[in-house]
Amino acid sequence: MLQTKSEDEPMVTKKKSKIPCLSLSSFLPALEAVTAAVTMPGGGGVPPGTPSAKPKEKQRTKVVVALYPFKAIESGDLSLEKGAEYEVIDDSQEHWWKVKDENGSVGYIPSNYVKEKETIGLQKYEWYVGEMSRQRAESVLKQEDKEGCFVVRNSSTKGMYTLSLYTKVNHPQTKHYHIKQNIRGEFYLSDKHCCSSIPELINYHKHNSGGLCCRLKATPCDRPAPPTAGLSHDKWEIDPGELVLLEELGAGQFGVVRRGRWRGRTDTAVKMMKEGTMSEDDFIDEAKVMTKLQHQNLVQLYGVCSKHRPIYIVTEYMRHGSLFNYLRRTAPDQLGPAVLLDMCIQVCKGMAYLERHNYIHRDLAARNCLVGDENVVKVADFGLARYVLDDQYTSSGGTKFPIKWAPPEVLNYTRFSSKSDVWAFGVLMWEVFTCGKVPYGRMKNSEVVEMVQRGQVLEKPKGCLNEIYNVMKACWRHAPEERPSFRLLKEELAGVAQSVLAD
Ligand code: AMP
C-alpha cells in the first residue's frame with residue numbers, strides 16, 4: 001500500500017524547468033497522469049508484459065550512503081556510520097532494508113537514513129538541508145548564532161536552490177540568495193563568479209565573499225535524525241519495561257500523555273489509553289499499519305504496549321506540544337504571516353501524504369497537530385477517531401463531536417473522506433491565522449450547523465491576505481468534489497508563499 005518515495009523528498013536535479021508557463025489547472029491533469037503511472041502497483045510506470053526494447057540487464061548492486069548515524073538496537077539490526085557506504089541486499093520492505101557493511105556484517109537499517117549513492121546529489125554535503133522554508137532556515141541559523149553560518153536549501157521554485165547566510169555585521173540577520181544559472185548552465189551568486197557545479201560555487205565562496213555579505217564559514221551542527229518507522233525492524237510491540245515514564249505532557253480524549261525514554265536514549269510520548277475509551281483489539285491491528293505511515297509532517301507512531309492495561313500508544317515526542325496551545329502562547333510578533341503560512345503548508349504536506357495513501361484523518365484541527373523544534377509542525381492522531389467508543393464523540397449530535405471542523409456531508413450523513421479533511425484543514429488555517437481563536441466564537445453547535453447548512457463561512461481573520469483567505473474558502477465549498485485536493489492545496493499555498501512572501 002505504501003510507496004517508498006515521498007514526493008516531498010529533496011530534489012537533486014539542477015536544471016531549470018523547461019516547462020512553458022502553463023496555468024496550474026491546465027498542468028494538473030498531466031501531472032496526475034504521471035503520478036498515476038509512477039505509483040502503479042509493482043512500482044513502475046510500464047505495465048507488466050510490455051515488450052521492452054532493452055536487452056535484459058544483469059541486476060546491478062545497489063549501494064547506499066548513510067545520511068545519519070544509526071545504532072543497532074535489536075539483534076538483526078546493523079549500525080550505520082554517517083557517510084559510509086552499504087550494499088543493499090533486500091529492499092523489499094519499505095522502511096527497513098537489509099544491507100551489508102564493508103566488513104561483511106549484515107543487518108536491517110531504517111531506509112530513511114540512507115540515500116542511493118547514484119542519486120545522492122547534494123545530500124552528501126553537510127550544508128545541504130533540502131526542503132526547508134525560509135523561516136525555518138532563519139531560526140536554525142539564529143540558534144547557531146555564528147558569523148558566516150550557512151545552509152543551501154530547495155527554493156520554492158522547483159529545481160532551484162537558495163543559499164541562506166547568517167551575519168552579525170551591523171546586526172544579526174539572515175540573508176537569502178538565489179543560486180542562479182546562466183545560459184551555459186553554470187551556477188552563480190554574483191555573475192562575476194560562475195562555477196560548473198553548486199559544490200564548486202560553495203567552495204569558491206568559502207574563500208571569497210564575492211558580493212555576499214560575508215564568506216561562508218560554518219554549517220549548523222548535526223541536524224537531528226528523523227524518527228524511524230517503528231523502533232526497530234518489524235517491531236511495533238514495545239516492552240513497557242524498556243520505557244521510563246517521565247513528566248506529564250498533557251491530557252486529552254483518551255487520557256494522560258507522558259514523556260517517555262525508550263532504552264534510555266529515544267524520547268517518546270506515551271499516551272496511556274483510559275480503559276473503555278477505545279475498541280482496543282481493532283486499534284492494535286491498525287497500529288501495525290499506522291507505524292508504516294512515515295512523513296516528515298506526520299507524528300511517527302513507534303508502536304504500542306498492548307499486553308497490559310491500560311494500553312500505551314508510543315509516538316515521536318514533539319517538544320512544543322499542541323499547535324493550538326503553541327499559537328495561543330507564542331507572542332504574535334514571532335508569528336508573522338510567513339511563519340503562519342509555513343505552518344499551514346507543513347500540515348498540508350502531511351495531509352497530502354495521507355490522501356495519497358487513501359488514509360482519512362477524521363479529526364484534523366490545530367489541537368491535533370504538534371510543534372517541534374524550528375517551528376516544525378506535524379499532524380497527529382490520524383485515523384484514531386474510528387476506534388473511539390464514546391457516542392458523544394462519534395455521533396454528529398454528540399457534545400464532543402468536532403462540529404466546528406465538519407463539512408455539511410459529515411453533519412448530514414457522517415460521510416468522511418479526504419475532502420471532509422480538506423474542509424477541516426480550511427478551519428485549521430483559520431485557527432492558525434487567528435493565532436488560536438476558537439472558530440465560530442461562542443456560538444452553540446446547533447447555530448454552527450445552521451450557519452454551515454446556509455452556506456455561510458468563517459470570516460476573514462484580521463490582517464489575513466486575500467490570497468490566503470481564498471484558499472480557506474475553497475476548502476469550504478459546499479460540495480466535497482468542488483473542494484481542492486491536498487495535493488492541489490500544497491501547490492497553491494506554495495504559489496501564495498512565492499508570490500506574496502519572500503522565498
Ligand atoms: P491528546 O491526547 O493527543 O489530545 O494529547 C494531549 C496533550 O498531550 C496535547 O495537547 C499535547 O500537549 C500533549 N502531547 C500529546 N502527544 C504529544 C507528543 N507526541 N509530544 C509532545 N506532547 C504531546
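For ligands, and for the atoms within them, numbers begin at 1 and follow the listed sequence. The first residue of the sequence shown is numbered 1, and numbering continues consecutively from there.
Nearest protein heavy-atom contact of atom 14 (N) of ligand 1 is V257 CG1, 3.9 Å. The shortest contact between atom 11 (C) of ligand 1 and any protein heavy atom is with S322 N, 4.0 Å. Regarding atom 17 (C) of ligand 1, its nearest protein heavy-atom neighbour is L370 CD1, 3.6 Å. Among all protein heavy atoms, the one lying closest to atom 7 (C) of ligand 1 is G250 CA, 3.8 Å. Closest to atom 4 (O) of ligand 1 among all protein heavy atoms lies G252 CA, 3.8 Å. Shortest contact from atom 20 (N) of ligand 1 to any protein heavy atom: M318 N, 2.9 Å. Scanning the protein for heavy atoms near atom 19 (N) of ligand 1, the closest one is E316 O, 2.8 Å. The protein heavy-atom contact nearest to atom 13 (C) of ligand 1 is L249 O, 3.8 Å.
Considering both main-chain and side-chain atoms, K271 comes within under 3.5 Å of ligand 1 through a nitrogen or oxygen pair. At a 3.5 angstrom cut-off on N or O pairs, R367 does not count as close to ligand 1.
For the pair R367 and F324, the NZ or CZ position fails the cation-pi test of under 6.0 Å to the six-membered ring centre and within 45 degrees of the ring normal. Cation-pi contact between R259 and Y317: present, with separation from the ring centre below 6.0 Å and deviation from the ring axis of at most 45°. Taking the centre and axis of the six-membered ring of Y359, the NZ or CZ atom of R386 falls inside the cone set by 45° and 6.0 Å.
Set against the non-hydrogen atoms of A269, the atoms of ligand 1 under 4.0 Å away are 17 (C), 18 (C), 19 (N), 20 (N). Interface atoms of ligand 1 facing T315, defined by a heavy-atom separation under 4.0 Å, are 19 (N).
With a 4.0 Å heavy-atom cut-off, ligand 1 is reached by the backbone of A251 but not by any atom from C-beta on.
A perpendicular orientation is assigned to the rings of F425 and F486, their planes being inclined by more than 60° (bins at 30° and 60°). Ring orientation note: the planes of Y353 and H357 are tilted relative to one another, at an angle of 30° to 60°. Classified by interplanar angle (parallel below 30°, tilted 30° to 60°, perpendicular above 60°), the ring pair W476/W423 is tilted.
R362 and D381 are not joined by a salt bridge, as no carboxylate oxygen comes within less than 4.0 angstrom of a charged side-chain nitrogen. A salt bridge is defined here as a Lys NZ or Arg NE, NH1 or NH2 lying under 4.0 Å from an Asp or Glu carboxylate O, and E138 with R153 fails to meet this definition. Between K419 and E482, no side-chain nitrogen of the basic residue sits less than 4.0 Å from a carboxylate oxygen of the acidic one, so the salt-bridge criterion is not met.
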